[in-house]
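Encoded as structure tokens, the structure appears first; notes follow it.
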Amino acid sequence: MKKVYLHPLPVRIWHWINAIGFIILILTGAQIRFVDSMGLMSFETAVDIHSWLGFILLANYFIWLLYYLLSGKLFKIYIPPFWKPIEFIKNSIRQAKYYGYGIMIGDKNPHHPTPESKFNPMQQISYLMIMVLLIPLQILTGLILWDPHLFSPLGSLIGGIQIATLVHTGLWIFFSAFIIVHFYLATLGHTPMAHIKAMFTGYEEEHEEH
Ligand code: HEM
């Protein structure tokens, strides 16, 4: 096996603060939404934790954003090659076939990550959507719900507090499902812990021939 340095320190710091924060936000969000049936903690405690953590993850988002903007790697790593659409679609289908079938019969993963091309096409499109669209949208709707008066111009722009609530709750459902699928996919390395370990050490292990 050879080691490839895939995850720089700022990305790892951002990722694990974000992962722990998201799990707690999902749980406290459920407590806030289902006040009578959850019974994890009081409504007030859930609101307090949810709001504080929301601001911590807002600041944490800037670690990710600044790292990728300042290193100039955002475009290279996150943006799918829209100038080669046929190749991108072909590679996406190949990757989906691997996840849906090939992996069950012992095929090798068709994508071999390098620091310049870390993500397979399915990761690239989903991570791009999450990082530049869905997380910012969750943050903005969260701010509107946190202080509707202070953020009323933003609330009006988005169509009112009901729309903000709908989007924020809809994304809560999306992120709850995402975490389960993302965790499952993270266990599909050459050992179940290989990718997760790499997200701590920075180094992914690859077979010598790649
Ligand atoms: C149980 C919690 C989590 C685990 C075990 C986990 C695991 C991992 C692992 C192993 C990787 C590296 C392999 C890969 O590129 O897919 C990764 C990358 C990534 N994860 Fe997670 N993750 C978790 C939670 C989350 C959450 C909550 C989000 C966002 C809402 C997230 C977003 C990402 C993104 C965007 C990357 C790519 C980061 C980069 O290299 O720029 N993860 N995760």
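In each ligand, atom 1 is the first atom listed, and ligand 1 is the first ligand listed. The structure presented is a predicted model; accordingly, all values stated were derived computationally and were not measured.
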Specify the protein heavy atom at minimum distance from [atom]: its residue, its atom name, and the distance to 0.1 Å.
{"atom": "atom 16 (O) of ligand 1", "result": "Tyr127 OH, 2.4 Å"}
{"atom": "atom 1 (C) of ligand 1", "result": "Phe183 CD1, 4.0 Å"}
{"atom": "atom 10 (C) of ligand 1", "result": "His195 O, 3.3 Å"}
{"atom": "atom 2 (C) of ligand 1", "result": "Ala19 CB, 3.9 Å"}
{"atom": "atom 40 (O) of ligand 1", "result": "Lys118 NZ, 2.5 Å"}
{"atom": "atom 11 (C) of ligand 1", "result": "Met199 CG, 3.8 Å"}
{"atom": "atom 29 (C) of ligand 1", "result": "Asn18 ND2, 3.3 Å"}
{"atom": "atom 38 (C) of ligand 1", "result": "Tyr78 OH, 3.5 Å"}

Sorted by first residue and then second, give each ring-ring contact (aromatic ring centres under 6.0 Å, His included) pair with at least one member in residues 117-139; sequence neighbours left out. Tyr78-Phe119, Phe119-Tyr127, Tyr127-His182

Are side-chain heavy atoms of Thr28 and Leu53 found at a separation under 4.5 Å?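 A side-chain contact under 4.5 Å is absent here.
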
Are side-chain heavy atoms of Gln95 and Asn109 found at a separation under 4.5 Å? yes

Going by the atom numbers of ligand 1, which of them fall below 4.0 Å from some non-hydrogen atom of [X]?
{"X": "Tyr68", "answer": "39 (C), 40 (O), 41 (O)"}
{"X": "Met131", "answer": "35 (C)"}
{"X": "Phe22", "answer": "27 (C), 30 (C)"}

Could you check whether atom OH of Tyr5 has more than 12 heavy atoms from other residues, nucleotides or ligands sitting under 6.0 Å from it?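 Yes, enclosed.
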
Pick one of side chain, backbone, both or neither for how Ile179 approaches ligand 1, counting any non-hydrogen atom pair under 4.0 Å. side chain

What part of Trp16 sits under 4.0 Å from ligand 1 if we count only heavy atoms: the side chain, the backbone, both or neither? side chain

Identify the heavy atoms of Met41 and Ile49 that sit nearest to each other, and give their distance.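 The answer is SD-CD1, 3.9 Å.
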
Can you check the angle at atom 21 (Fe) of ligand 1 formed by NE2 of His182 and NE2 of His15? Round it to the nearest 10°. 170°

Is it true that the side chains of Lys73 and Tyr67 contain a donor and an acceptor less than 3.5 Å apart?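 Short answer, yes.
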
Going by atom types alone, do Ser42 and Thr45 pair a side-chain donor with an acceptor below 3.5 Å?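 Yes - a donor-acceptor pair under 3.5 Å links their side chains.
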
Got an N/O contact under 3.5 Å between Trp14 and ligand 1?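 Between Trp14 and ligand 1, no N or O pair is found under 3.5 Å apart.
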
Is the distance between the ring centroids of Trp146 and Phe55 under 6.0 Å? yes

Strictly under 6.0 Å, is that where the ring centroids of Trp16 and Phe200 end up? yes

Quick check: does any side chain N or O of Asn60 sit under 3.5 Å from a backbone N or O of Trp14, one acting as donor and the other as acceptor?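 Yes; judged by distance alone, with no hydrogens or angles, the pair exists.
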
